[in-house]
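Below is one structure, written out as structure tokens, with a few remarks after it.
Order of the sequence lines fixes the chain letters, A, B, ..., with proteins taken first and strands second; residue numbering starts at 1 for each chain. Keep in mind that this is a model prediction, so the values were computed, not measured.
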Amino acid sequence: MRTSWADSVANSASENAASGSSGPRPTRATYIPPHLRNRPPSSDFLAPPPAAPSLGNDRVGYGGPAGGSRWGGGGGSASKLDSGRLGYGSGGRGGGGGWNNRIGGLERGREREVNPFDNDGDAEPAFDVQENTGINFDAYEDIPVETSGKNVPPPVNTFAEIDLGEAVNQNIRRCKYVKPTPVQRNAIPILLAGRDLMACAQTGSGKTAAFCFPIIAGIMREQYVQRPHGGRTVYPLALILSPTRELSCQIHDEAKKFAYQTGVKVVVVYGGAPINQQLRELERGVDVLVATPGRLVDLVERARVSLQMIRYLALDEADRMLDMGFEPQIRKIVEQMDMPPCGRRQTMLFSATFPKEIQRLASDFLSNYIFLAVGRVGSSTDLIVQRVEYVHETDKRSHLMDLLHAQRETEVNGKHSLTLVFVETKKGADSLEHWLYVNKFPATSIHGDRSQQEREMALRSFKSGKTPILVATDVAARGLDIPHVAHVVNFDLPNDIDDYVHRIGRTGRAGKTGLATAFFNENNLSLARPLADLMQESNQEVPAWLTRYASRVSFSGGKNRRSVGARFGGRDMRRDGSFNRGTDYYGGGNNSSGGYGVSAGYGGGYNPAVASAWD
DNA sequence: AAAAAAG
């Protein structure tokens with residue numbers, strides 16, 4: 001009876017490193033990507049751009065952003081998706097011939113393209129197929145959606161309504177996506193229309209696909225774009241930035257599925273890993289580059305990557321990317337390197353939280369953008385049961401032990417359920433992991449002082465259930481999609497309520513239920529108020545003692561003072577009276593009260609002139 | 001004050 005947890009999940013660790021096996025290499029004089037075969041040569045999907053007379057220059061073989069239209073090209077080959085955008089690359093040699101010279105993944109990349117649907121998740125076999133068929137859509141009914149900005153394209157209800165191309169459609173089927181999630185329904189038409197976007201939507205609700213599909217479809221219909229070649233510099237067309245290496249990897253994995261057999265090449269670069277391998281990947285061609293900021297800056301400074309052809313810029317976890325630690329670096333990448341300026345690229349910012357201050361910073365990167373807020377599954381955190389317990393610092397470990405034992409009882413069919421334990425410091429993570437280890441708990445840890453190899457191994461081991469307890473710092477707080485996390489424990493509460501929101505969002509994903517337990521004590525007083533508000537807002541039981549703490553510190557006006565509702569979905573700061581750039585977005589009537597909440601602000605009170613979509 | 005991100 002003293003079997004360790006690890007025993008119950010033996011054999012589930014399949015470390016499949018799907019790579020290496022280089023299959024037969026097809027040799028074709030002129031490669032036609034699958035999605036374009038059997039098409040009449042002049043289908044409007046790939047209308048030839050106007051031939052450009054002199055393009056001898058190997059270094060800069062494209063018209064450059066100096067041209068007249070938004071994308072610098074004059075080719076007005078109309079697409080119903082976005083006319084203004086097609087003519088961009090005046091560099092193509094007429095008739096689409098340009099793409100023989102395409103540096104992107106078409107010829108060299110695709111020949112070795114691994115089927116990303118083969119090795120779908122190490123842990124999957126251990127779980128019911130039912131559970132994995134994606135998202136619980138019932139949980140997404142009646143979710144509040146708010147949009148603002150000028151001329152907001154209407155949402156769609158099905159993937160069929162949007163023309164993403166046959167290859168992408170097939171990948172959507174392979175992903176078993178039946179219908180778009182609310183954020184996808186709203187964001188995809190906006191992005192396909194070429195608009196800049198600031199979107200608040202909970203991760204786990206299909207956010208990555210919401211920006212990947214339009215990027216991939218956009219690149220596909222501009223396949224002929226001629227990029228500079230020669231030298232070792234590569235010129236990606238899209239850049240996706242994220243705040244952690246693991247998140248960038250995850251986005252890359254997903255994007256590869258969406259781009260499978262489209263001819264669009266996705267590459268990821270991040271720090272802590274050997275750069276040479278990444279350089280080789282880049283040399284084989286890149287259309288969509290997924291990156292963490294530091295490594296990207298490095299590569300641009302080495303002139304191995306140029307941003308001058310970037311036409312799609314996506315910031316995932318955008319509020320984190322623009323907070324104090326990251327902002328200078330992001331500003332450097334977006335404003336001080338060779339990226340086309342705002343207005344000549346399409347910029348999309350996504351996060352589950354979007355504080356007003358950060359929205360203000362972000363607006364520097366955006367042009368006439370649309371703000372989109374999608375309330376969380378179940379209109380707030382109904383799917384996550386949140387508990388707060390008063391635990392003295394000295395009692396935390398024994399209390400955690402109780403929780404872990406209780407969690408073990410809840411295992412279904414002998415299957416492990418995963419527990420993610422957040423601590424505040426790297427040192428704290430090490431010491432708690434060690435203590436768990438000493439006490440025979442199958443735990444591992446992830447934080448920024450561990451080597452990248454250790455970090456990735458820890459994540460794999462956790463996902464697979466080999467070590468169903470993961471102690472983590474905030475490195476794991478955002479974006480990571482780890483199926484089957486049943487319990488998130490805030491062993492140390494964060495100082496910022498938004499971090500709390502992101503942390504508990506690691507459970508209750510894709511419409512499933514989850515449990516979040518927080519240890520609160522005298523060190524967390526500043527969080528009492530926002531935490532109590534948040535819990536109340538999401539219909540959670542708020543302990544009386546917490547309410548007392550909350551009212552006691554009600555005068556404190558610190559950074560957690562932000563009004564209710566700035567979290568889920570959030571609110572367009574342009575609606576705020578205090579913010580006025582001389583542009584009246586709302587035709588006058590201005591709702592200046594900060595209060596907006598699932599019940600109060602949504603829906604009511606907006607000026608009828610504002611395009612506001614409700615599902 | 002801490003975490004993350006380049007080496």
Side-chain angles (χ1 to χ4, degrees), chain A residues 203 239-252 268-279 282 289-305 307 315-334 336-337 351-353 355 358 393 420-433 445-456 458-459 470-480 490-503 505-506 521-527 556 558-560:
Chain A
T203 35
L239 176 63
I240 301 172
L241 291 173
S242 95
T244 65
R245 298 160 182 175
E246 286 76 13
L247 184 52
S248 280
C249 288
Q250 178 183 302
I251 294 167
H252 173 247
V268 64
V269 296
Y270 54 89
I275 200 167
N276 282 330
Q277 205 174 325
Q278 294 175 3
L279 286 172
L282 288 171
L289 182 59
V290 186
T292 50
R295 177 56 60 91
L296 177 69
V297 168
D298 189 11
L299 289 166
V300 172
E301 283 173 349
R302 295 181 191 212
R304 298 301 296 259
V305 170
L307 304 177
L315 301 192
D316 202 3
E317 308 298 341
D319 59 333
R320 161 63 90 233
M321 305 297 279
L322 291 170
D323 80 4
M324 287 207 309
F326 266 126
E327 198 231 353
Q329 210 169 11
I330 301 303
R331 213 170 263 286
K332 178 174 185 181
I333 292 168
V334 177
Q336 288 148 34
M337 301 190 100
S351 182
T353 52
I358 303 284
E393 214 55 48
L420 182 49
V421 183
F422 281 105
V423 295
E424 200 48 21
T425 64
K426 295 181 271 205
K427 197 175 147 212
D430 281 337
S431 102
L432 182 57
E433 184 207 355
S445 73
I446 185 167
H447 61 70
D449 274 355
R450 302 199 71 187
S451 75
Q452 191 54 28
Q453 233 181 355
E454 290 171 322
R455 284 165 58 160
E456 283 168 25
L459 204 52
L470 179 66
V471 181
T473 60
D474 271 332
V475 70
R478 283 171 172 259
L480 293 188
N490 274 291
F491 188 89
D492 302 317
L493 272 164
N495 293 313
D496 188 323
I497 189 67
D498 282 348
D499 292 332
Y500 174 84
V501 169
H502 284 275
R503 286 179 178 187
R506 296 317 98 211
N521 62 33
E522 60 280 1
N523 294 325
N524 311 113
L525 293 183
S526 74
L527 204 68
S556 86
K559 67 170 179 175
N560 277 327

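- Nucleotide dA4(B) holds its P atom 18 Å from the CG atom of D316(A), rounded to whole Å.
- Across all strands shown, G325(A) has heavy atoms under 4.0 Å from base atoms, whether or not it also approaches the sugar-phosphate.
- As a whole-Å value, the separation of L299(A) CG from dA5(B) P is 16 Å.
- Rounding to whole angstrom units, CG of residue N490(A) and P of dA2(B) are separated by 18 Å.
- Following rounding to the nearest Å, K427(A) (NZ) and dA3(B) (P) show an atom-to-atom distance of 10 Å.
- With distances taken from any side-chain atom of T425(A) to the nucleotides dA6(B), dA4(B), dA2(B), the minimum falls on dA2(B).
- Partners of F491(A) by ring pair (Phe, Tyr, Trp, His ring centres under 6.0 Å), not counting sequence neighbours, listed by chain and number: F519(A).
- Two residues are said to be in side-chain contact when any heavy atoms from C-beta on lie closer than 4.5 Å; M321(A) and S351(A) fail this criterion.
- As judged by a 4.0 angstrom heavy-atom cut-off over every strand, R302(A) is placed among residues making no nucleic acid contact.
- In terms of phosphate contacts, K426(A) brings a side-chain nitrogen or oxygen within less than 4.0 Å of OP1 or OP2 of dA4(B).
- Checking the phosphate oxygens (OP1, OP2) of dA5(B), a side-chain nitrogen or oxygen of R245(A) falls inside 4.0 Å.
- Look at CD on E424(A): it is 10 Å from P on dA4(B), rounded to the nearest Å.
- The CG-C1' distance, from D498(A) to dA2(B), rounds to 16 Å in whole Å.
- Phosphate contact (OP1/OP2 of dA3(B), side-chain N/O of R450(A), threshold under 4.0 Å): absent.
- A 6.0 Å sphere centred on CD of E522(A) holds more than 12 heavy atoms belonging to other residues, nucleotides or ligands.
- Nearest to the side chain of T244(A), among dA6(B), dA3(B), dA4(B), sits dA4(B).
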All N/O donor-acceptor pairs, side-chain side in residues 422-430 of chain A, below 3.5 Å, sequence neighbours left out:
from: E424(A); atom 1: OE1; to: R503(A); atom 2: NH2; distance (Å): 3.1
from: T425(A); atom 1: OG1; to: G428(A); atom 2: N; distance (Å): 2.9
from: K426(A); atom 1: NZ; to: D449(A); atom 2: OD1; distance (Å): 3.3
from: D430(A); atom 1: OD1; to: H447(A); atom 2: NE2; distance (Å): 2.8
from: D430(A); atom 1: OD2; to: H447(A); atom 2: NE2; distance (Å): 3.4

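- One interatomic measurement links the two molecules: CD of Q329(A) to P of dA4(B), which rounds to 14 Å at whole-angstrom precision.
- One interatomic measurement links the two molecules: CG of L459(A) to P of dA4(B), which rounds to 14 Å at whole-angstrom precision.
- No more than 12 heavy-atom neighbours from other residues, nucleotides or ligands sit within 6.0 angstrom of CD on Q277(A).
- Across dA6(B), dA5(B), dA4(B), the shortest atom-to-atom separation from the side chain of E301(A) is found for dA6(B).
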